[in-house]
Structures are given as structure tokens and as C-alpha cells.
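Working notes, structure below.
From a predicted model like this one, the values you see are computed outputs, not experimental measurements. Any value given below was found using the heavy atoms of this structure, including those in side chains, with hydrogens, waters and symmetry copies removed. Per chain, numbering begins at 1; letters A, B, ... match sequence-line order.
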2 protein chains.
Amino acid sequence: MKSHRYARRVLELKMPSEDSAEIISFGSGEAYPEGLPDMGDLAQKAASHYRRETMQYSAWLGLDDMREWIVEYVAHEGVKVDTDQVLVVNGAKQAIDLACRVFLEPGDVVAVTAPTYKSAVRIFRSHEANYLEVPLDEHGMDVPALAALLADRERRGQPMPKLVYDIPEFHNPTGITMSAQRRRELVALAERHQFMVMEDDPYRRIRFEGEAVPPIQAFDTGGHVIGIGTFAKLVAPGLRLGWVTAAPDVIEKLAVVKADGGSCPLTQRLIVEYVKAGRLSPHIQEVTGIYRGQRDVMLGAIRRYLPETTCRVPHGGYYIWLQLPERISGDDLAQAAIRRGVRVLPASDFYVTSGPANFVRLAFSYSSPSAITEGIRRLGDAFREIA
Amino acid sequence: MKSHRYARRVLELKMPSEDSAEIISFGSGEAYPEGLPDMGDLAQKAASHYRRETMQYSAWLGLDDMREWIVEYVAHEGVKVDTDQVLVVNGAKQAIDLACRVFLEPGDVVAVTAPTYKSAVRIFRSHEANYLEVPLDEHGMDVPALAALLADRERRGQPMPKLVYDIPEFHNPTGITMSAQRRRELVALAERHQFMVMEDDPYRRIRFEGEAVPPIQAFDTGGHVIGIGTFAKLVAPGLRLGWVTAAPDVIEKLAVVKADGGSCPLTQRLIVEYVKAGRLSPHIQEVTGIYRGQRDVMLGAIRRYLPETTCRVPHGGYYIWLQLPERISGDDLAQAAIRRGVRVLPASDFYVTSGPANFVRLAFSYSSPSAITEGIRRLGDAFREIA
């Protein structure tokens with residue numbers, strides 16, 4: 001038994017339920033409960049009318065209707081793929097895990113931004129990856145810095161990364177969007193050093209201001225990008241459905257290690273009926289409005305209760321990456337906060353090795369405006385307790 | 001890229017749709033379409049009334065209500081576990097895959113019956129396992145033969161298997177049920193050689209005659225059994241839900257590598273409502289009646305159109321393991337059969353190395369009685385063509 005892989009707290013397995021009545025959660029990126037769609041009528045139709053499809057074993061790559069819709073959807077974002085370049089998966093996490101199984105051997109290198117998405121790091125760890133940490137600035141992952149790191153590794157005869165992982169649009173946890181120029185440079189670097197870019201893009205449609213930048217995959221002509229999409233933020237997390245777009249041979253390899261007999265046809269049909277009924281765009285518009293409002297309430301409360309802190313205003317996504325004075329550790333603040341009934345995630349959760357400790361991530365997605373105000377007030381009290 | 005793992009035909013990925021109008025399928029173990037439950041009302045309730053649970057992120061181990069029900073259900077079969085010994089998974093195949101990830105390193109040995117379940121073999125292959133093939137007789141896996149093989153390996157200093165995989169109740173493909181005595185012996189052997197038994201038990205409730213034998217796990221006191229259950233055969237394959245019962249530390253390890261963020265709460269709630277509404281037992285009774293009838297029609301047609309063959313009458317499950325005269329290869333018959341519009345699976349699909357070629361597996365689950373009669377008539381013609 002490979003016990004070294006499992007240095008995890010049992011507690012973590014009980015995550016991510018954040019439903020304690022007393023705790024106000026700015027922790028995990030859960031959906032605002034009032035904004036969850038009521039899909040009852042379509043669930044009935046999917047289970048009953050489409051019974052022979054949705055109750056039976058199904059195609060391993062996903063329902064044809066689902067994959068055809070994904071082709072159209074990503075085309076709208078600038079990514080041109082055929083249906084044989086689409087694999088339906090059980091959420092973005094499964095996509096990351098499958099890509100690791102195909103592209104990583106234990107000890108292989110994955111390049112990630114510092115900080116990066118904590119659940120992705122957990123998955124990389126389970127594959128015993130090594131890391132190359134890349135800084136990021138206001139234009140996203142610092143690709144020129146990555147290029148210099150790789151040139152240096154090349155000179156030293158060190159192995160190149162097999163995968164470069166990023167959330168280029170509304171980066172988790174920092175909220176930064178990578179510039180088009182950087183995306184082009186990253187694709188060129190992938191071409192040169194023959195690594196795969198894993199582009200995790202859950203928040204793209206949750207945009208409050210400004211113009212979207214096309215996905216990294218839109219700049220890719222050599223098949224070096226694994227695009228990962230999810231319905232968790234488009235429709236609802238509970239559906240546990242997402243997709244991968246990649247070169248046909250990559251899709252085939254991912255499908256072979258996706259040994260689960262195909263993703264659930266019932267939830268796939270439910271989503272297909274939802275998008276066909278024209279409900280997706282109004283829903284995204286509604287939740288984007290909700291999240292914009294919640295972001296603004298949180299920013300206002302931070303100005304009032306935490307004037308000692310600073311943050312970049314995120315133009316989309318779910319998170320504020322709050323910078324504390326240098327002497328204050330995010331770990332200490334998170335601990336003081338939970339004692340006062342508010343959950344925040346410390347910077348240390350988002351590094352594969354270590355990085356500046358004086359940050360916490362605040363999710364504004366889950367809590368109501370009044371809870372957000374109260375939660376930030378409590379966080380201010382916690383801050384003053386430890387400052 | 002680990003290309004050696006992927007010696008798979010693309011075609012196989014398009015499996016297991018068997019819906020061609022012209023082909024009569026005795027291939028994969030799909031449910032009889034007319035027997036699929038209509039869960040429309042409960043799907044509406046799960047999606048709408050339980051919206052905050054079913055549309056949101058959910059507990060990684062599974063819904064509490066689901067796991068509590070599984071505890072009760074397996075207790076009824078003789079397996080005593082607590083809820084912390086239950087993990088909800090996306091079907092039995094995922095359970096097998098997770099167990100391989102936890103217990104196998106490339107090159108480790110898995111013991112299987114010859115023949116055994118082809119999809120399990122595919123998964124073992126993706127983990128680069130080596131095999132120990134164990135014969136089986138009318139009492140199931142020949143555990144005394146396994147004991148002798150292990151004693152021999154011990155003498156030679158060869159590594160013991162890490163996992164022993166079996167489908168003890170209505171074995172796939174042979175339909176044989178392992179005796180209680182053999183189950184006791186297998187648990188004792190696991191204790192002695194410190195391997196894990198992976199007990200895959202999908203067909204238990206699809207019993208036409210006779211008395212069930214308690215699961216292997218019911219004989220286990222040392223935590224050496226990983227019990228795998230599925231709703232695919234209890235309710236419907238399309239729900240893509242199953243479970244694992246095992247020692248708490250094993251469940252924790254499986255949950256850590258199950259990196260998909262938890263199984264779908266919508267389909268879990270749908271099943272919980274289904275069982276709470278008292279619909280499970282009548283449904284099982286109904287489909288068992290259907291499958292018994294289809295088995296009998298198939299046996300009658302075999303007697304009429306394939307008098308040169310023999311088979312054991314399965315007391316449950318989905319399959320007949322048809323023995324051909326020794327000179328006839330199952331591969332040849334399967335090829336001749338598909339040309340005549342009937343799909344059967346040759347013996348070679350069910351061995352990890354090789355075994356007697358003069359068998360084919362016939363699933364009687366999917367096709368209607370009239371299609372079964374016509375399909376066996378065509379198979380008889382194919383047989384005489386090559387005989």
C-alpha cells in the first residue's frame with residue numbers, strides 16, 4: 001500500500017460542505033444557493049421521456065448531442081474542434097486527474113503559477129509530481145519568466161515539464177486574467193519544449209466588466225493544449241459534468257484511462273435539454289449579476305472593516321485575493337477568523353512549496369450580501385485581534 | 001506519453017452502444033429497455049425540492065442518506081459496516097480503478113479467475129498489472145488451487161498478489177456462484193498472505209432459483225475485502241452509481257485518489273428517494289422475472305438451434321457461457337455471427353492470457369424474447385457455416 005501518497009487529513013475528505021448555520025463561509029467556491037437553477041421539469045423529461053437513453057449504459061466519450069453542443073459552445077469562444085476532440089467528464093477535477101494519468105510518471109515536472117488552485121495541487125500530489133513554480137503578475141502567468149526557467153533547465157540538462165497548468169481567466173486564487181500576448185507566448189513555448197498546457201477555464205462566463213480574452217487553446221495550432229470546461233459554474237456544481245477539448249489522439253488516451261464506463265447520461269441529457277430550451281444565457285446573466293453584487297458588497301465591507309488590507313478588484317470569477325500587511329500571516333488570520341465564525345482560506349493552501357504568507361482568499365460566491373457584510377466585519381475583528 | 005498503456009482499438013471507445021436496428025445483441029450486459037424504471041417524478045423532486053443539495057457541491061464520500069441506506073442494505077446480505085466504511089462511487093468500474101490506484105504499482109500481481117470480467121481486465125492492464133490466473137469449477141474460483149499456486153510462489157520467493165479479483169455470485173462470464181466454503185477459504189488465504197480480495201457483486205439480486213450465499217465480505221473479520229456494489233443492475237445502468245464497503249482506512253485511501261469532487265448528488269438523491277418510496281424491491285422482482293423469462297427462452301432456443309453445444313443453466317445474472325465443440329473457436333463463431341446480424345462475445349475477450357477458445361458469452365439481458373429466439377437461430381446458422 002502506497003502510504004506516502006496519503007498524507008491527508010480525514011477532515012479534508014468531509015469537505016467541502018459549508019452549511020454550518022453559525023459559520024459564514026468565504027471558503028470553497030460554492031454556488032450561491034438562491035441562484036441554483038430549478039431544473040425539475042427537465043429532470044423529469046430526461047428521466048422519463050429519454051428513459052431508454054438516460055437509464056441505459058451510454059457512449060464512453062459522452063452523448064453525441066452533448067459533444068456537438070460543446071463544439072458549438074467553444075467555437076463561440078474561438079476554439080475550433082470537431083466532436084472527436086471532445087470528451088465529457090465528471091467535472092474539471094476528473095479532467096485534471098485523467099491528464100495526469102496520461103502525461104505524468106511519478107517524479108515528472110508540472111509547472112504551476114505560485115499561487116495556484118489547491119484542488120489541482122492535491123491531484124498533482126497524488127501523482128507524485130515535482131513542481132516548477134512560475135510567478136504571476138497583472139498579466140497572468142509570467143511566461144517570459146517561465147521561458148527563462150526552462151532555458152536554464154535546458155542548459156543544466158534538467159527535464160522539461162510535461163504539463164503546464166493554469167487558470168488563465170479569473171485565475172484562482174488571484175482573479176487575474178492572462179493577456180492575449182502571454183497566451184501566444186505560452187503556446188509558442190509549449191511548441192518549442194513539447195509540453196502540454198492544461199487550460200482550466202471554469203470562470204470565463206462569470207465576467208463583471210471588460211472584454212474576455214480568447215482561451216489559450218484558441219491560439220494553439222499544434223495540439224499542445226488540453227482545454228478543460230465545466231458546467232459547475234455555468235449551470236450547477238451538483239451536476240458533476242465538464243469536458244475536455246484536445247487533439248483526437250489525446251482524447252483517445254484520456255478516454256482509455258477514464259475507466260468509469262462513461263459519464264452519466266441522465267445529467268448529460270438534463271444539460272442538453274437546458275441549453276436547448278435557451279435557459280443557459282439567462283441563467284449566466286442572472287448569476288453574473290448576483291456575483292457582481294456580492295463582489296461589490298464584499299469590496300465595500302473590506303474598505304470599511306479592513307482598511308489595512310489591499311486587493312485587486314476581480315473583473316469576474318468567485319474570489320478576492322486579499323493582501324494583508326506583511327507581518328500578518330494568512331494562517332493566523334484564518335484561525336482567528338474561524339473562532340469568530342467566518343471561514344477564509346490562507347495563502348498557504350495555494351502554494352505547492354511556499355510563498356508570501358500575507359494573503360487570504362475570500363470567495364464571495366456562496367454567502368448572501370448581508371452575510372458577506374457580517375462576515376467581513378468579523379474578519380476585521382479577527383484581524384485586529386492578531387495585528 | 002505512456003503509449004504502451006494504450007494498445008486499444010478506437011472502436012472499443014465507441015462501445016457499448018448496441019442499438020443498431022439490424023444487429024441482435026447478446027454482447028454487453030445492458031438492461032432490457034422495457035424494464036428500465038420510469039423515475040421521472042422522483043427526478044423532478046430531486047432536482048427541484050432538493051435543489052440546494054442536488055445542484056451544489058456535495059460530500060466527497062457520498063450523501064449521508066445514501067451511505068446510511070447502503071449500510072442497511074449490505075447488512076441485510078450479512079455484511080456489517082458503519083457509514084465510515086462506505087464510499088459512493090461512479091459505478092463498479094470506478095471502484096475497481098480506485099482500488100488499483102491504491103493497491104497496485106506497475107508490475108504488481110492481480111489474481112483473477114480464467115475466464116474473468118473483460119472490463120476489469122482492461123482496468124488492470126491500464127495499471128500495468130501482472131496476472132495470476134486461477135481455474136474455476138462448479139464451486140467458483142478454485143481456492144485450493146490458488147492456495148497451491150501461492151505456496152509455490154512463496155517457495156520460489158516470488159511476490160504474492162496484491163489483489164484477488166472475483167465476481168463470486170453469478171460469475172461473469174460463466175454464471176457460477178462460489179460456495180460458502182470457498183469464500184471462507186479465500187478470506188483465510190487473504191489473511192495468511194496479506195492480500196486484498198476485490199469482491200465485485202453486481203448480479204446478487206438477479207437470482208432466478210436457489211439460495212444466495214453471503215458475500216465474501218460477510219466471512220471477513222480482518223478487513224481484507226473490498227466489497228463493490230452497483231445500482232447498474234439494481235436500478236439502472238445510466239445512473240452511474242455504485243459503492244465500496246471496506247475498512248475505514250481503505251475507504252479513506254480510495255477517497256483520496258477519487259479526485260472527482262464527489263459523486264453526483266442529483267443521481268444519489270434520486271436513488272435515495274426511489275428506495276425510500278419502496279420501489280426497489282418491486283423493481284428487482286419485476287426485472288428478475290423478465291430476465292428469468294429471457295434466460296428460459298434463450299435456453300430453449302439453444303436446445304433447438306444449437307444442439308451441438310452445452311451450457312450450465314445460470315441461476316441468476318445476465319449471461320450464458322456457451323460451450324462449443326472443441327474444434328470450434330469462439331472467435332470464428334463471433335465473426336460468423338456478426339455477419340448474420342447477431343453479436344456474441346468470444347471466450348478470448350475474457351482471458352488475461354489465453355484459455356479454451358471453444359466458448360462464447362451470450363447476454364440474455366438486453367434483447368426481447370422474440371429477438372432472442374431469432375438471434376439464436378442466426379447463431380445456429382453461423383455455427384453450421386463454420387462447423
Practice task
With rounding to the nearest 0.5 Å, note down the distance linking CG in B:Asp41 to OG in A:Ser48.
Solution key: 8.0 Å
Handout entry: Contact leader toward chain A among B:Gly242, B:Ala31, B:Ala47, where contacts are heavy-atom pairs under 4.5 Å
Key = B:Ala31
Fill in the blank from the handout: Those residues at least two apart in sequence (or on a different chain) that pass side chain to side chain donor-acceptor pair (under 3.5 Å) with B:Glu53 are B:Arg269
Handout entry: Sidechain N-carboxylate O distance under 4.0 Å for B:Glu34, A:Arg52
Key = yes
Practice task
Take B:Leu270 and A:Leu266 through the side chain to side chain contact (heavy atoms under 4.5 Å, CB included) test and state the conclusion after the steps.
Solution key: CA-CA 11 Å; B:Leu270 178 55; A:Leu266 179 66; 3.6 Å; yes
Exercise for the section: Check side chain to side chain donor-acceptor pair (under 3.5 Å) between B:Tyr117 and all other residues, then give those that pass, not counting sequence neighbours. Expected result: none
Exercise for the section: Select, from A:Gln268, A:Gln44, A:Lys45, the one with the greatest count of heavy-atom pairs under 4.5 Å involving chain B. Expected result: A:Gln44
Problem - For A:Asp260, salt bridge (charged side-chain N to carboxylate O under 4.0 Å, His left out) partners two or more places apart - result: A:Lys258
Problem - Greatest number of heavy atom pairs closer than 4.5 Å to chain B - which of A:Gly40, A:Ser119, A:Ala43 - result: A:Gly40
Exercise for the section: With a 4.5 Å heavy-atom cut-off (strictly below), which parts of residues 87-96 of chain A touch chain B? List them by number. Expected result: A:Asn90, A:Lys93, A:Gln94
Problem - Closest contact, heavy atoms only, A:Gln56 versus B:Pro33 - result: NE2-CG, 4.4 Å
Exercise for the section: Answer with side chain, backbone, both or neither: which region of B:Ser263 has an atom nearer than 4.5 Å to a non-hydrogen atom of chain A? Expected result: backbone
Practice task
Heavy atoms only, distances under 4.5 angstrom: which of B:Gly238, B:Ala259, B:Ala232 has the most pairs with chain A? Name it, please.
Solution key: B:Gly238
